[in-house]
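I have placed the structure first, in the form of structure tokens, so that the comments after it can refer back to it.
Naming convention: chains lettered A, B, ... in sequence-line order (proteins, then strands); numbering from 1 in each chain.
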Amino acid sequence: EAQVTQNPRYLITVTGKKLTVTCSQNMNHEYMSWYRQDPGLGLRQIYYSMNVEVTDKGDVPEGYKVSRKEKRNFPLILESPSPNQTSLYFCASSLLRGNSPLHFGNGTRLTVT
Amino acid sequence: DAKTTQPNSMESNEEEPVHLPCNHSTISGTDYIHWYRQLPSQGPEYVIHGLTSNVNNRMASLAIAEDRKSSTLILHRATLRDAAVYYCILLYNNNDMRFGAGTRLTVKP
């Protein structure tokens with residue numbers, strides 16, 4: 001089944017403790033992206049990648065890192081999480097053209113205390 | 001800022017058609033118009049997309065204005081399961097995908 005898989009679904013951590021949220025897709029998509037969703041602010045793009053070893057900042061990249069060493073994986077790294085990074089995170093992927101739909105994962109709800 | 005404008009909320013009665021509008025006055029010739037919806041506690045899911053011509057699929061229809069500055073997502077018979085937030089976005093080469101707040105659709109039985 002074609003899908004985008006995020007792990008974990010839920011994560012509670014403390015300020016400053018490094019964490020990684022994984023994202024994997026099995027559709028051979030070039031494009032992958034991370035979004036965060038907060039009440040009243042909609043979906044905001046954190047980072048995106050147009051292919052292996054190519055990553056770019058989205059609208060809200062501060063406090064996050066990403067890497068794209070393999071086409072299928074695009075982990076989101078929080079080196080020193082802070083409470084303002086408490087949010088719902090979504091990973092998405094697609095083929096790299098405008099007529100290709102975005103496929104989203106089921107989300108990771110992160111709480112930083 | 002998102003390149004599209006949508007009403008914050010809309011209501012519909014079950015079994016009736018719903019027309020969800022989207023304005024995109026700054027659309028360029030190569031932008032595709034995409035619609036997604038997000039059900040409670042789920043990630044957004046693809047609904048439909050188009051470039052210039054109206055489009056139909058099993059989920060919905062997309063009507064695109066002749067000047068492409070607006071579009072309308074049409075749900076032909078709303079069901080309770082269609083209650084969601086609907087997002088209209090423009091896609092070209094996938095490096096500027098900004099989602100607005102979307103339209104929250106409420107379906108009344």
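Taken from NE2 in His34(B) to OG in Ser100(A), the straight-line distance is 7.5 Å, to the nearest 0.5 Å. How far CZ of Arg44(A) is from CZ of Phe99(B): 14.0 Å, rounded to the nearest 0.5 Å. Here the CG-CG distance, from Leu102(A) to Leu91(B), works out to 5.5 Å after rounding to the nearest 0.5 Å.
At a heavy-atom cut-off of under 4.5 Å, chain A is reached by no residue from residues 7-20 of chain B. Near-neighbour residues of residues 38-50 of chain B relative to chain A, defined by a heavy atom under 4.5 Å from a heavy atom of that chain, comprise Gln38(B), Ser41(B), Gln42(B), Gly43(B), Pro44(B), Tyr46(B), His49(B).
No chain of hydrophobic side-chain contacts below 4.5 Å, direct or via other Ile, Leu, Val, Met, Phe, Trp or Tyr residues, connects Tyr89(A) to Tyr48(A). By the criterion of side-chain heavy atoms lying less than 4.5 angstrom apart, applied directly or through intervening Ile, Leu, Val, Met, Phe, Trp or Tyr residues, Val21(A) is not grouped with Phe104(A); the two fall into different hydrophobic clusters. Ile46(A) is connected to Leu110(A) through a chain of hydrophobic side-chain contacts under 4.5 Å among Ile, Leu, Val, Met, Phe, Trp and Tyr, so both are in one cluster. In this structure, Leu11(A) is a member of the same hydrophobic cluster as Phe74(A), with clusters built from ILVMFWY side-chain heavy atoms closer than 4.5 Å. Hydrophobic clustering (ILVMFWY, side-chain heavy atoms < 4.5 Å, transitive): Leu90(B) and Val55(B) are in one cluster.
At most 12 non-hydrogen atoms from other residues, nucleotides or ligands lie less than 6.0 angstrom from CZ of Arg81(B). At most 12 heavy atoms of other shown residues, nucleotides or ligands fall within 6.0 angstrom of atom NZ in Lys65(A). Heavy atoms from other residues, nucleotides or ligands lying under 6.0 Å from CZ of Arg68(B) number more than 12.
No part of Gln6(A) comes within reach of chain B, as not one of its non-hydrogen atoms sits under 4.5 angstrom from that chain.
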Evaluation steps, side-chain contact (heavy atoms from CB on, under 4.5 Å), between Tyr36(B) and Leu43(A): CA-CA 12 Å; Tyr36(B) 295 80; Leu43(A) 284 159; over 6 Å; no

